[in-house]
Amino acid sequence: MTEGLRERKKRQTRQCIADAAAALFAARGFDAVTVAEIAEAAEVSVNTVYNHFAAKEDLVLPPEETTAQHLADVVRRRGPGESAAHAVLAHLRAELGDPDRRRALTDGFGRTYRTMRSTPALTARLERLRRRMTDVLAAELRTGTGAAPDDPMPRLVATQIAAFHSLVHTEIGERVAAGQGAGEITAAVRALLDAVEELGGERFLGYAARPR
C-alpha cells in the first residue's frame, strides 16, 4: 500500500524529532537535555514531541524495544510448522536482509548506542522492557500450547528467546560503536544466529511449533 501524505508527514516529523534528540544527546548527554530543548531544535511543540514519543527514553530506544509485545507478536505471526524460536530467528534474519535496516546500522546508531549504554536511566529502562517482553512472550506461549500453570517450559523458552534477541541487538550496537561497516556487522550477526541454532536443543528449537 502506498504511503499517504498524512502518514508520510507523521513519519518525517517523527524522524526529525529523533534526529534532533540524537544530536543533543550526543553533544550534552541524555540527562542534560530537556524535551523542551528537543522540541525547539526540531522546530515543533512539546506536545508534538509527546504525540510521537511517550517518554524521553523512547527518543533513544529503537521502536521494537519500546513495546513489550514485540516478541509475542513475532511468535504469534509464525507460519504452519514454525516454532517460537525459529519464528524469532527468521524475523532477525529478515531484518538483516532489509536494506533500510542495514542502513540503520551505520546511520548514527553507534552514537545512539553509546548514549543508551552510558545512561543509567536508559539501561534500567532496557532491562525492564526485556523482563516485560519475556513475561508477555511466556504468557503467549502458555496460552498457545495449552501448558499447565505449573509447567516451567513457557517461561524457560521465553527467557532463552529474549536472551538471544537481546544478545543480537547488543552485538550490533557494539560493532556499530566500534566503527564496523554494515556488511561486516551483518555477516557477524548471521554467524551468531547460526550458532544459536547449532547450540539450541531440539526441545527448545521445536517448542510451540504451529500445526501444519
Side-chain angles (χ1 to χ4, degrees), residues 14-15 17-22 24-26 28-39 46-47 49-78 84-85 87-89 91-92 95 101 104-105 108-144 147 149-177 189 192-193 196 204 207-208:
R14 181 183 176 88
Q15 188 61 54
I17 295 169
D19 289 345
L24 288 170
F25 293 154
R28 294 165 46 199
F30 178 83
D31 292 329
V33 177
T34 67
V35 173
E37 289 171 325
I38 294 167
V46 170
N47 284 341
V49 174
Y50 282 120
N51 284 340
H52 289 273
F53 300 92
K56 192 171 81 166
E57 289 85 354
D58 295 342
L59 285 154
V60 180
L61 302 177
E64 66 270 15
E65 296 292 344
T66 63
T67 170
Q69 297 289 332
H70 177 61
L71 288 177
D73 287 344
V74 171
V75 169
R76 201 174 293 120
R77 292 192 300 264
R78 70 194 184 281
V88 177
L89 286 165
H91 175 78
L92 290 168
E95 286 190 331
R101 294 289 291 180
L105 294 180
F109 183 72
R111 178 176 62 184
T112 300
Y113 180 79
R114 285 190 290 270
T115 298
M116 290 164 56
R117 291 303 179 188
S118 64
T119 307
L122 290 173
T123 55
R125 175 75 175 274
L126 279 172
E127 178 58 25
R128 289 195 300 271
L129 280 166
R130 188 187 64 78
R131 290 199 302 266
R132 182 60 181 147
M133 204 178 287
T134 303
D135 291 342
V136 175
L137 178 56
E140 171 65 23
L141 292 175
R142 191 173 300 280
T143 299
D150 59 348
D151 186 343
M153 283 301 292
R155 164 64 60 179
L156 290 172
V157 171
T159 299
Q160 290 300 310
I161 290 175
F164 76 67
H165 177 265
S166 176
L167 178 61
V168 163
H169 285 91
T170 297
E171 186 77 8
I172 291 172
E174 294 285 356
R175 289 179 177 276
V176 173
V189 174
L192 178 60
L193 294 173
V196 170
F204 165 63
Y207 188 79

- CA sep, side-chain torsions, deciding dist, call: Val136, Leu71, side chain to side chain contact (heavy atoms under 4.5 Å, CB included): CA-CA 8 Å; Val136 175; Leu71 288 177; over 6 Å; no
Rounded distance [0.5 Å steps], [atom1] in [X] versus [atom2] in [Y]:
| X | Y | atom1 | atom2 | answer |
| --- | --- | --- | --- | --- |
| Asp19 | Gln15 | CG | CD | 4.5 Å |
| His70 | Leu129 | NE2 | CG | 11.5 Å |
| Ile172 | Glu95 | CD1 | CD | 7.5 Å |
| Arg76 | Leu137 | CZ | CG | 9.5 Å |
| Met133 | His165 | CE | NE2 | 6.0 Å |

Of all the heavy-atom pairs spanning [X] and [Y], show the shortest one and how long it is.
| X | Y | answer |
| --- | --- | --- |
| Met153 | Asp151 | N-OD1, 2.9 Å |
| Phe30 | Lys56 | O-NZ, 2.9 Å |
| Leu24 | Glu37 | CD1-O, 3.8 Å |
| Phe53 | Asp58 | CD2-O, 3.5 Å |
| Ile17 | Leu59 | CG2-CD2, 3.5 Å |
| Ala87 | Val74 | O-CG1, 3.7 Å |

Quick check: does any side chain N or O of [X] sit under 3.5 Å from a backbone N or O of [Y], one acting as donor and the other as acceptor?
| X | Y | answer |
| --- | --- | --- |
| Thr123 | Pro120 | yes |
| Ser166 | Ala162 | no |
| Arg131 | Arg128 | no |
| Thr67 | Gln69 | yes |
| Arg142 | Pro154 | no |

Looking at side-chain heavy atoms only, is the closest gap between [X] and [Y] below 4.5 Å?
| X | Y | answer |
| --- | --- | --- |
| Leu92 | Phe164 | yes |
| Arg155 | Leu141 | no |
| Gln160 | Leu156 | no |
| Arg130 | His169 | no |

- Query: Side chains of Thr170 and Arg117: do they bring a donor and an acceptor to under 3.5 Å?
  - Reply: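 Checked: Thr170/Arg117 side chains pair up, N/O donor to acceptor below 3.5 Å.
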